[in-house]
Number of protein chains: 2
Amino acid sequence: MKRNSRLSGVLHVLLHMAEADRPLTSEALASMMSTNPVVIRRVLAGLRRDGMVHSEKGHGGGWRLARDLSDVTLRDIYVALGEPGLLALGHRTESPDCLVEQAVNAAMEQAFQEAETVLLDRFGEITLAALSADFHERLHRRSDDAV
Amino acid sequence: MKRNSRLSGVLHVLLHMAEADRPLTSEALASMMSTNPVVIRRVLAGLRRDGMVHSEKGHGGGWRLARDLSDVTLRDIYVALGEPGLLALGHRTESPDCLVEQAVNAAMEQAFQEAETVLLDRFGEITLAALSADFHERLHRRSDDAV
DNA sequence: TTTCATGTAATAACATAAGTTACATGAAAC
DNA sequence: GTTTCATGTAACTTATGTTATTACATGAAA
């Protein structure tokens, strides 16, 4: 089953925006992500509704962050993306008449809940500022290696 | 993102096999699951490799369980199915050159690992026998209601 | 008023999973 | 032994969901 990398992609884009001192166009972001500008606009449109980013038309326009890096957690981004399903596994039937299937669903559901809770809790602990700090650390490490 | 219900489906099938006192044909199982017999065979062929089920051809043939219900956990079944991906989220690029993306991946990967561990641990604690017991409980509850 | 950039709908291309068909293999019934 | 029943498996078709592309409208700055 193919995995949804939208959250991963959005974080990538947001951090690039954080590094830039001017708005970045959909086209610039799309080429960083090797995708199409329209895809970028579609995804960022969702984040704009939640006040994560801001967009401007015309010359010098493009996308920039609307909130402080330390104010935003991965969980916030995840919610802004519409809370897509976290788990690749699911039930065959959501409300089955078959008692066998009801028993199966009940057992799995509990495990699913726990895993989702763990994942979201972790996401809630990671701010964009932390990601940015990690990035800058890697940057220094790389330049040290080069010397 | 669509969820993989193969594990759910297989558990359903196995419990039905546990209730039957004779081999069940692919056709019988397929009609319970409203799917195609060939699909059943494909999936159960994987479980047979791991010794979970046994199949026989010809008259009176079909599928039956090869192990005791209390010996098999959901995790065993999951492994027999080839350990399909557990999470719906993933990385955009597995080994990125971009340091921004490396930072993103690192942060998410840890959260992913924890969630997967929780899920697999839970699966490891649930035996088919426990599912079967839950099913029989539901059966009694239903017949009580009917009275 | 031209250029640049987003906003958005409609459509196409692609990937994956599920379902279907067709036929070979082998076991039991007769 | 030959007919019937059931699995084994390859090849193919259908269904579904995601991503990419095209086309054009909107609005801001040069």
Side-chain angles (χ1 to χ4, degrees), chain A residues 1-10 12-13 17 20 22-50 52-66 81-82 84-85 87-93, chain B residues 1-10 12-13 17 20 22-50 52-66 81-93:
Chain A
M1 178 138 294
K2 198 183 174 186
R3 291 185 181 176
N4 183 345
S5 59
R6 187 166 288 184
L7 177 58
S8 164
V10 163
H12 190 169
V13 158
M17 283 166 55
R22 60 197 166 78
L24 294 177
T25 66
S26 309
E27 195 162 351
L29 293 170
S31 95
M32 285 175 194
M33 310 275 295
S34 38
T35 183
N36 192 289
V38 176
V39 175
I40 298 286
R41 287 185 207 130
R42 271 202 292 247
V43 174
L44 292 187
L47 294 197
R48 188 182 40 209
R49 273 200 321 271
D50 280 45
M52 301 285 182
V53 296
H54 187 259
S55 67
E56 268 172 313
K57 292 177 176 176
H59 277 93
W63 300 85
R64 53 189 176 74
L65 287 176
L81 286 176
L87 299 180
L89 305 184
H91 302 311
R92 215 177 58 86
T93 310
Chain B
M1 176 134 294
K2 198 184 174 184
R3 292 185 178 174
N4 182 346
S5 60
R6 188 167 286 185
L7 178 57
S8 164
V10 163
H12 191 167
V13 159
M17 282 164 56
R22 60 197 166 79
L24 293 178
T25 66
S26 309
E27 195 160 352
L29 294 170
S31 95
M32 285 175 195
M33 310 275 294
S34 39
T35 183
N36 192 291
V38 177
V39 175
I40 298 285
R41 286 183 208 133
R42 270 202 294 245
V43 173
L44 292 186
L47 294 196
R48 187 181 41 210
R49 273 199 322 272
D50 280 45
M52 301 285 183
V53 296
H54 187 260
S55 67
E56 268 173 312
K57 293 178 176 176
H59 277 93
W63 300 86
R64 53 189 174 75
L65 286 176
L81 286 176
E83 309 191 40
L86 292 172
L87 299 182
L89 305 183
H91 302 313
R92 216 178 58 86
T93 310

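Throughout, protein chains are lettered first and strands after them, A, B, ... in sequence-line order, and every chain is numbered starting at 1.
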Which pairs with one or both residues in residues 1-10 of chain B pass salt bridge (charged side-chain N to carboxylate O under 4.0 Å, His left out), sequence neighbours excluded?
-> A/Glu116-B/Arg3
Give the minimum heavy-atom separation between A/Leu7 and A/Leu81, together with the two atoms involved.
-> CA-CD1, 3.7 Å
First and last nucleotide of DNA chain D in contact with chain B, 5' to 3', at under 4.0 Å to a heavy atom: what are they?
-> D/dT4 to D/dT18
Can you sort out the partners of B/Arg92 under salt bridge (charged side-chain N to carboxylate O under 4.0 Å, His left out), two or more places apart, ordered by chain and number?
-> B/Glu101
Watson-Crick or G-U pairs under 3.5 Å in DNA chain D, rendered as dot-bracket with [ ] for crossing pairs and | for another strand = ||||||||||||||||||||||||||||||
Polar atom pairs between nucleotides 11-17 of chain C and protein, under 3.5 Å, N or O only, would you list them?
| from | atom 1 | to | atom 2 | distance (Å) |
| --- | --- | --- | --- | --- |
| C/dA17 | OP1 | A/Met1 | N | 3.0 |

Test side-chain contact (heavy atoms from CB on, under 4.5 Å) on A/Asp50 and A/Leu47 and set out the steps.
-> CA-CA 5 Å; A/Asp50 280 45; A/Leu47 294 197; 6.0 Å; no
Taking B/Ser5 for its side chain and B/Ser8 for its backbone only, find out whether a donor-acceptor pair lies under 3.5 Å.
-> no
Using modelled atom types only, decide if a donor and an acceptor are shared between the side chain of B/Ser31 and the backbone of B/Ser34 within a distance under 3.5 Å.
-> no
Does A/Ala88 have any side chain to side chain contact (heavy atoms under 4.5 Å, CB included) partners at least two apart in sequence or in another chain, and if so, which?
-> none
Listed partners of A/Ala30 passing side chain to side chain contact (heavy atoms under 4.5 Å, CB included), at least two apart = A/Thr35, A/Pro37, A/Ile40
Among residues 54-62 of chain A, which residues get a heavy atom nearer than 4.0 Å to DNA chain D?
-> A/Lys57, A/Gly58, A/His59
On DNA chain D, check which nucleotide each of A/Arg41 and A/Ser5 is closest to and give me the residue with the more 5' one.
-> A/Ser5
So do the side chains of B/Arg48 and B/Ser55 get within less than 4.5 Å of each other, counting heavy atoms only?
-> yes
When rounded to the nearest 0.5 angstrom, what is the spacing between CG in B/Leu44 and CE in B/Met17?
-> 6.5 Å
Just how far, in rounded Å, is C1' of C/dA18 from CD1 of B/Ile40?
-> 12 Å
Which atom pairs, donor and acceptor, lie under 3.5 Å between side-chain atoms of residues 58-65 of chain B and protein residues at least two apart or in another chain?
| from | atom 1 | to | atom 2 | distance (Å) |
| --- | --- | --- | --- | --- |
| B/Trp63 | NE1 | B/Ser26 | OG | 3.1 |
| B/Arg64 | NH2 | B/His54 | ND1 | 3.3 |

Mind checking side chain to side chain donor-acceptor pair (under 3.5 Å) for B/Arg49 and listing every partner two or more places apart, or none if nothing turns up?
-> none
Is any side-chain heavy atom of A/Met32 closer than 4.5 Å to a side-chain heavy atom of A/Val13?
-> no
